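One structure is given below, encoded as C-alpha cells.
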Amino acid sequence: MAKNYFRKKTIAHILSDIDSGNGDEEHPGGSNSSLNKILGVKDLTFMGIAAVIGAGIFSTIGEAAFNGGPGVSILFVITAITCGFSALCYAEFASRIPVSGSAYTYAYASFGELVAWIIGWDLLMEYAIGNIAVAISWSEYFTNLLEGFHIHIPAYLTMDYLSASRAHEEVLKFQASGNISAITETLQTQASAWNTAPLLAGFHLIADLPALFIVVIITWLVYIGIKETKRATNAMVILKICIVIAVIILGAFYITPSNWSPFLPNGFSGVMKGVSGVFFAYIGFDAISTTAEECKNPQRDLPRGMFYSLIICTVLYILIALVLTGMVSYKDLRVGDPLAFVFTKIGLTQISYIISVSAVIATASVLLIFQMGQPRIWMSMSRDGLLPKRFSNIHPKYKTPGFSTIVTGFVVAIPALFMNLTEVTDLTSIGTLFAFVLVCGGVLIMEKDMEQKPGRFKIPYISSRYIVPGLFIAVIAVFHKPIFGLLSYTGDWHTYKDNIPYFLFFILATIIAVFSFLKRLSLIPVLGLLSCFYLMTELGYTNWLRFLIWLGIGLVIYFSYSYKNSKLGIKENLLKQQGANDEMN
C-alpha cells in the first residue's frame, strides 16, 4: 500500500495529457483548454529580472547590510552560485518537461506523488507568502512616495498590527529607562499607528490598505491574460533597470571608502544572517518555469531565460550592495527603503523621490510575476486530481487559469493587510530552498531513468566520486571546532535549538558524500542540493518549525482528499479491477 504513495507520472504521460487538452476539466480537448503560447526568450529573461529585481534590491537588502556590513556583497555571490546550481537543474527539467507546474511537476516525474504533493503544497506557501512580502514592501514605498507629494495616509492604514504593537511596547520601554535616543523615526511612526488607531471593542484597527490595493490591481491584470502581463512586465523591467543603473553610477560619486572598513564587521556569521533577505531576492527563476505552456519554444528558451536573468541580476545586486554600504555606514541601513534613504541622508532628496517611484514599479513587477506563477501551480495540482477540478479551469476568453487566479488574489490580499515583512520573508526563503533541494535531488534520480529522453539542455556530467567526499573531509578538518561545538549543550535551550538544523545538514552531507563515492553522482546537482540545504540551516529553528507545521497541514489534506482523488491512483485502480475481471473471466 505504501508503494502507491510514491507512484510516478511519466514524462510521456505528462506531455500526452497536455497535448490532448486534459488540462481543463471544463473544456477537455477543446480550443479553450490550452494556454496562449506567446513568450520568447526575451520575455522570459525580462520576467526573471522582474521577479528578482524588486523587494530584495529596494527593501530587504537594507536589513542584510545592517547584519553583514559591506561583506553582504559576498553573500550575493554565494547565493548566486547556489541559485546557479539550482537553475541548471531547473533548466534540465524544464527542457525535459515543458509544462506548467515547476518543481511540483518535476517531483511527480522523479520522486512520486507524495513528494510531489509536499513540494506543491510548499510552493503554494512560497508564492503566497512571497507575494504578501512584496505587497507589504510595495506599500512602504507607495506611502513614502505619496508623502513626497504631501499626501498623508494615517499610519494605522499603512502597516501591520504586529509591527505597531511591538513598536508601542519598545517605545514604552525606552521611555521608562530614559533611553530616548534609541527611539528611531521608524519606531515612532509604528508606535503612532498604535496610539492613533480607532478602537473596536478594545481592538486596535490597524491594516495595510495600500498592500490590499496593489494585490487587487495585479490579480486583475494576471486574470485578463498573459499577453497583457508580458507587456506590463517588459515595460516595468526596462524602466527599473535604467533606474538601478543610474543609482549605481550616481551613488559611486558619493562613496566614502572608509565606510567599507571593516568589511565584515560582524564576521561571516553576520553576513549569513542576511540569508533570508538576500535569497528572497533570487527566487524569481522558479516562477519562470511555471510559464512553460505559454512559451513558443520552452525547451530552448526556458533555460536561456533563467541563466540570462540570474547573471544580470547578480551583477546589479553586488554593485548596489557596494554602493549602499559605501555611501553610508552599514549601521544606518536597517530601514524599509534603503535606496531612497541613502540619497536622503546625503541631501539628494529629489533623487530619493525618483527612487521611490521606481521602487513602486519594481515591486509591482515582482508581485506580477509571482501572482502569475501561483495559479499555475494550483492548476497543475488540480489536473492531477490532488485539488478540486475548478482550479484547472481555463478561462475561455482570456486563456488563463481564471478561478485559480481569483483564489490566489484572496489568499494574498487578506494576509497582506495584517502580516509582518520579516516574518513572511524568512518563511518564503525556507520554502524556496526546500523546492530547490528537491529539484536538484530529482535530477539525480532522473538521470538513472533510461526511459526518459533528454531535452535540448542537459547538465554537463562531472563525477562527484572524489570531489564531494574530499570537500566533506576538508570542511570537517577546517571547521572541526565549531562542528563539534554543536554537541556541547550549555543548558540554554532557547539558544541551542537553532543548532538542530545543522545536525540535519551534517547527516545529509554524510549520506551524500557516501553515495557520491559509491554511485558516482553528477557533481552540479549534488552541490546544488547541499548548498541549498545548508542555507536552510541558517534560517533557524523557529522557521523550520513553522515550515514543518505547514507541511503537516498539507499531509492531512493529502491523506484525507488528494490521495483518494488522484487521477493516477484512480487509473491504477481501474487497471487492477480490469485485470481482476479478466482473471475471473
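If you read the sequence from its start, that first residue is 1, and numbering goes on from there. Everything numeric here is computed off the predicted structure, so don't read it as measured data.
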Looking at [Y], is its backbone amide N or carbonyl O close enough to the side chain of [X] to form a donor-acceptor pair, meaning the two atoms are under 3.5 Å apart?
{"X": "Ser566", "Y": "Gly385", "result": "no"}
{"X": "Lys8", "Y": "Ser110", "result": "yes"}
{"X": "Ser309", "Y": "Gly305", "result": "yes"}
{"X": "Thr408", "Y": "Ser404", "result": "yes"}
{"X": "Thr405", "Y": "Pro401", "result": "yes"}

With the side chain counted from C-beta on, respond yes when [X] and [Y] share a heavy-atom pair under 4.5 Å apart, and no when they do not.
{"X": "Leu386", "Y": "Tyr104", "result": "yes"}
{"X": "Val247", "Y": "Phe343", "result": "yes"}
{"X": "Phe436", "Y": "Leu535", "result": "no"}
{"X": "Leu555", "Y": "Leu551", "result": "no"}
{"X": "Val407", "Y": "Arg390", "result": "no"}
{"X": "Val41", "Y": "Tyr308", "result": "yes"}
{"X": "Ser95", "Y": "Leu302", "result": "no"}
{"X": "Val77", "Y": "Thr314", "result": "no"}

**Study point:** Test applied, salt bridge (charged side-chain N to carboxylate O under 4.0 Å, His left out); reference residue, Asp384; option that passes from Lys9, Lys571, Lys389, Arg7
**Key:**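 Only one of Lys9, Lys571, Lys389, Arg7 forms a salt bridge (charged side-chain N to carboxylate O under 4.0 Å, His left out) with Asp384, namely Lys9.
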
Exercise for review: Tell me, with the steps shown, if Phe85 and Ile81 meet side-chain contact (heavy atoms from CB on, under 4.5 Å).
Suggested key: CA-CA 6 Å; Phe85 293 141; Ile81 293 172; 3.7 Å; yes

What orientation do [X] and [Y] show, parallel under 30°, tilted 30 to 60°, or perpendicular over 60°?
{"X": "Tyr558", "Y": "Trp117", "value": "tilted"}
{"X": "Phe547", "Y": "Phe434", "value": "perpendicular"}
{"X": "Trp138", "Y": "Phe142", "value": "parallel"}

How long is the gap from [atom1] on [X] to [atom2] on [Y], to the nearest 0.5 Å?
{"X": "Leu527", "Y": "Leu521", "atom1": "CG", "atom2": "CG", "answer": "11.0 Å"}
{"X": "Asn565", "Y": "Ser560", "atom1": "CG", "atom2": "OG", "answer": "9.5 Å"}
{"X": "Tyr5", "Y": "Tyr563", "atom1": "OH", "atom2": "OH", "answer": "5.0 Å"}
{"X": "Ile445", "Y": "Phe111", "atom1": "CD1", "atom2": "CZ", "answer": "3.5 Å"}
{"X": "Asp208", "Y": "Ile214", "atom1": "CG", "atom2": "CD1", "answer": "11.5 Å"}
{"X": "His395", "Y": "Ile406", "atom1": "NE2", "atom2": "CD1", "answer": "8.0 Å"}

Please report the shortest heavy-atom distance between [X] and [Y], naming the atom on each side.
{"X": "Thr400", "Y": "Arg376", "value": "CG2-NH2, 4.4 Å"}
{"X": "Phe46", "Y": "Ile238", "value": "CE2-CG1, 3.7 Å"}
{"X": "Thr82", "Y": "Ser531", "value": "CG2-OG, 3.4 Å"}
{"X": "Pro525", "Y": "Leu444", "value": "CB-CD2, 3.6 Å"}
{"X": "Val411", "Y": "Gln374", "value": "CG1-NE2, 4.5 Å"}
{"X": "Ser382", "Y": "Pro388", "value": "OG-O, 2.7 Å"}

Review point. Could you go step by step and tell me if Phe76 and Ile320 meet the side-chain contact (heavy atoms from CB on, under 4.5 Å) rule?
Key: CA-CA 11 Å; Phe76 280 109; Ile320 279 288; over 6 Å; no

Exercise for review: Using side chain to side chain contact (heavy atoms under 4.5 Å, CB included) as the criterion, point out the one residue from Ile136, Leu209, Ile153 that pairs with Thr158.
Suggested key: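 Result for side chain to side chain contact (heavy atoms under 4.5 Å, CB included) with Thr158: Ile153.
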
Check your understanding: Hey, do the aromatic rings of Phe391 and Phe403 have their centres closer than 6.0 Å?
Key ->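 Distance test on ring centres: under 6.0 Å, yes.
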
Exercise for review: Run the numbers on Thr219 and Gln371 for side chain to side chain donor-acceptor pair (under 3.5 Å), then give the verdict.
Suggested key: CA-CA 7 Å; Thr219 301; Gln371 203 73 348; 3.1 Å; yes

**Study point:** Heavy-atom neighbours of Tyr561 OH exceed 12 at 6.0 Å
**Key:**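 For Tyr561, atom OH is crowded (more than 12 foreign heavy atoms under 6.0 Å).
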
Check your understanding: Around Phe213, counting heavy atoms of other residues, nucleotides and ligands shown, do more than 12 lie under 6.0 Å from its CZ?
Key ->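 Check fails, neighbour count at 12 or below.
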
Practice item. Evaluate the criterion side-chain contact (heavy atoms from CB on, under 4.5 Å) for residue pair Leu368 and Met236; output intermediate values, then yes/no. Key: CA-CA 10 Å; Leu368 183 64; Met236 287 190 282; 3.7 Å; yes

Check your understanding: Yes or no on side-chain contact (heavy atoms from CB on, under 4.5 Å) for Tyr108 and Glu113, after CA distance, side-chain angles and deciding distance?
Key -> CA-CA 5 Å; Tyr108 216 148; Glu113 185 173 283; 2.5 Å; yes

